S.K.: 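Dumping the structure here so I can ask a few things about it.
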Number of protein chains: 2
Amino acid sequence: MEKNRAISSLAALAHDQRIDVFRLLVQAGPEGIPAGEIAAALKSPANTLSNNLRILTAAGLIRSAREGRSIRYFADMDGMRVLLAFLMQDCCGGRAELCQPVLDTITCNC
Amino acid sequence: MEKNRAISSLAALAHDQRIDVFRLLVQAGPEGIPAGEIAAALKSPANTLSNNLRILTAAGLIRSAREGRSIRYFADMDGMRVLLAFLMQDCCGGRAELCQPVLDTITCNC
DNA sequence: CATTCAATTCCATTACACATGAAATATGGA
DNA sequence: TCCATATTTCATGTGTAATGGAATTGAATG
C-alpha cells in the first residue's frame, strides 16, 4: 500500500500548478500561506487552486489549518520524507558507488 | 525548462507499472535487465511495457543499449539525481531544522 | 535468402484527469 | 439576523493517457 501512496504523491507533484504550490509552501516554511494568497501569487482561479490543494493534501504533501475566514496551508515535510525514502529505497543494489553521487547532490545548502 | 523536466519525470514515475520498472532497474544496478526479462518479471504484454520504457526513457530516468536481439535497460542515476535535486531545492526556507529530518531519512543504508 | 526471435510502432477503444462557471458552504462582523 | 469574504463542491466539456491486438522493424542463424 506504500507504493500506491508514493504513486499518488508523485502524481500530485507532476502538475504545473501543484508543483508551484508545493515549492511555494516549502519556501514559506512553518508559517505557511493562506489559500487566497497562494491563488494571488499564482494568478489562479480560486476553485482551480482549491482542487489542487485538495489533491496535494490527499497525497500527504501539504497540511492546512483554518485561521478565521481563511485557511492556511503548509508543506508537509513528513509526507515529503516518506516519498523520498520510498524513491531512494534499495538505491544501491549492493554497490554504494551507484547511489552516492545521488545522495551528494541532495546535500542541503542551508 | 527545468521544471517541465521535473514534471515529466514525476509523471513517468507516477504509474503502477513504471514505478515497478524503475525500482527493478535500480535494484539490478549497472548490469541492467533486458526488456524481455522485465516483461516476464512484471507479467506484462511486451507492447505495454515497451511504451512505458519509452516514457521512462524520455523522462531521463532510464537508459538502454542494444545487445544482440535484445535491448538492455538501466536505471539512469543522473536523471534521478536531477529530479531529487529539484525536489529538495529551496527545502529549507531559511530554517535548517525543517529539512534536516528529510535528509536524515534518505541516508543510504548500503 | 528465409526463418525465427526480440522489441517496437501503429491504431482504435476505453477511461481518467483537468479546468472552470455556477452554486453552495463556512466564518466573522455589522 | 443579514451581509461580505474565503473557500469548497458540483456539473460539464475537453483533452490526454493507458491498454493490447496486429503489423513492422531489427538482428542472428542455418
Side-chain angles (χ1 to χ4, degrees), chain A residues 3-25 28 31-76, chain B residues 3-25 28 31-76:
Chain A
K3 174 181 157 189
N4 285 337
R5 184 198 166 104
I7 289 175
S8 73
S9 294
L10 290 164
L13 285 175
H15 182 278
D16 194 66
Q17 178 173 93
R18 290 195 295 263
I19 202 171
D20 284 344
V21 169
F22 181 74
R23 299 181 78 215
L24 203 59
L25 290 174
E31 72 255 35
I33 313 180
E37 278 184 37
I38 300 175
L42 301 183
K43 299 181 185 16
S44 165
N47 53 0
T48 297
L49 177 68
S50 175
N51 191 42
N52 286 327
L53 290 171
R54 183 182 60 79
I55 291 169
L56 283 166
T57 302
L61 292 167
I62 66 176
R63 287 174 296 106
S64 65
R66 180 167 278 278
E67 192 173 88
R69 296 185 194 188
S70 64
I71 296 181
R72 190 170 287 264
Y73 283 86
F74 311 87
D76 186 333
Chain B
K3 174 180 157 189
N4 286 337
R5 184 197 166 104
I7 289 175
S8 73
S9 293
L10 289 164
L13 285 174
H15 181 278
D16 194 65
Q17 179 173 91
R18 290 194 297 261
I19 201 170
D20 283 344
V21 170
F22 181 75
R23 298 181 78 215
L24 202 59
L25 290 175
E31 70 256 34
I33 312 179
E37 279 184 36
I38 300 175
L42 301 183
K43 300 180 184 18
S44 166
N47 53 0
T48 297
L49 176 68
S50 175
N51 192 41
N52 286 328
L53 290 171
R54 184 181 59 79
I55 291 169
L56 284 167
T57 303
L61 291 168
I62 66 176
R63 288 174 296 106
S64 64
R66 180 168 278 278
E67 191 173 271
R69 304 187 187 182
S70 64
I71 297 181
R72 190 171 288 264
Y73 282 85
F74 311 87
D76 186 334

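Note that the structure is predicted; figures quoted are calculated from it, not measured. Letters go in sequence order (proteins before strands), and every chain restarts at 1.
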S.K.: For B:Tyr73 and C:dA7, what is the distance between atoms OH and C1' respectively, to the nearest whole Å?
M.R.: 8 Å

S.K.: Is a side-chain donor or acceptor of B:Arg66 paired with a backbone partner of B:Gly68 at a separation under 3.5 angstrom?
M.R.: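 Confirmed, B:Arg66 side chain pairs with B:Gly68 backbone.
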
S.K.: Using whole Å, what does the distance between atom P of nucleotide C:dT27 and atom CD of A:Glu67 come to?
M.R.: 14 Å

S.K.: Please determine, for the side chain of A:Arg54, which listed nucleotide (C:dA7, D:dT9, D:dA18) has the closest atom?
M.R.: D:dT9

S.K.: Rounded to the nearest Å, what distance is computed from the CZ atom of residue A:Arg72 to the C1' atom of nucleotide C:dT27?
M.R.: 16 Å

S.K.: Let me know the distance between CD1 of A:Ile7 and C1' of D:dA17, rounded to the nearest Å.
M.R.: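 Distance, rounded to whole Å: 15 Å.
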
S.K.: Grab the CZ-P distance between B:Arg18 and D:dT19 for me, whole Å please.
M.R.: 8 Å

S.K.: With heavy atoms under 4.0 Å as the rule, sort B:Ala46 into base, sugar-phosphate or nothing.
M.R.: base

S.K.: Do you know which two heavy atoms are closest between B:Ser8 and B:Arg5, and how far apart they sit?
M.R.: OG-O, 3.1 Å

S.K.: Looking only at non-hydrogen atoms, find the nearest pair between B:Thr57 and B:Tyr73 and report the distance.
M.R.: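 B:Thr57 and B:Tyr73 have their closest heavy atoms at OG1-CE2, 4.0 Å.
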
S.K.: Answer yes if the side chains of B:Thr48 and B:Gln17 hold a donor-acceptor pair under 3.5 Å, and no otherwise.
M.R.: no

S.K.: Shortest non-hydrogen contact from A:Ala14 to B:Ala11?
M.R.: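 Looks like CB-N, 3.3 Å.
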
S.K.: At under 4.0 Å between heavy atoms, what does A:Ser50 touch on the DNA or RNA strands: base, sugar-phosphate, or nothing?
M.R.: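 Touches a base.
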
S.K.: Below the 4.0 Å mark, does D:dT19 have OP1 or OP2 next to a side-chain nitrogen or oxygen of B:Thr48?
M.R.: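 B:Thr48 to D:dT19 OP1/OP2: no side-chain N or O under 4.0 Å.
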
S.K.: Starting at the 5' end of DNA chain D, which residue's closest nucleotide do you reach first, A:Gly36 or B:Pro45?
M.R.: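 Going by which nucleotide is closer to the 5' end, it is A:Gly36.
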
S.K.: Take A:Gly68 and A:Ile55, find for each the nucleotide of DNA chain C with the closest heavy atom, and name the residue whose nucleotide sits nearer the 5' end.
M.R.: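 Here A:Ile55 is the residue nearer the 5' end.
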
S.K.: Look at B:His15 and C:dA17 and indicate whether a side-chain polar atom (N or O) is within less than 4.0 Å of OP1 or OP2.
M.R.: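 Checking C:dA17 against B:His15, no side-chain N or O comes under 4.0 Å of OP1 or OP2.
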
S.K.: Picking from C:dA7, D:dT7, C:dT20, which would you name as closest to the side chain of A:Asn47?
M.R.: C:dT20

S.K.: Starting at CG of B:Asp20 and ending at P of D:dA18, how long is that distance when rounded to a whole Å?
M.R.: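 Atom-to-atom, B:Asp20 to D:dA18, this comes out as 14 Å.
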
S.K.: Starting from P on C:dT25, measure out to CD1 on A:Ile71 and report it in whole angstrom.
M.R.: 16 Å

S.K.: Rounded to whole angstrom units, what separation is found between the CG atom of B:Asn51 and the P atom of D:dG21?
M.R.: 15 Å

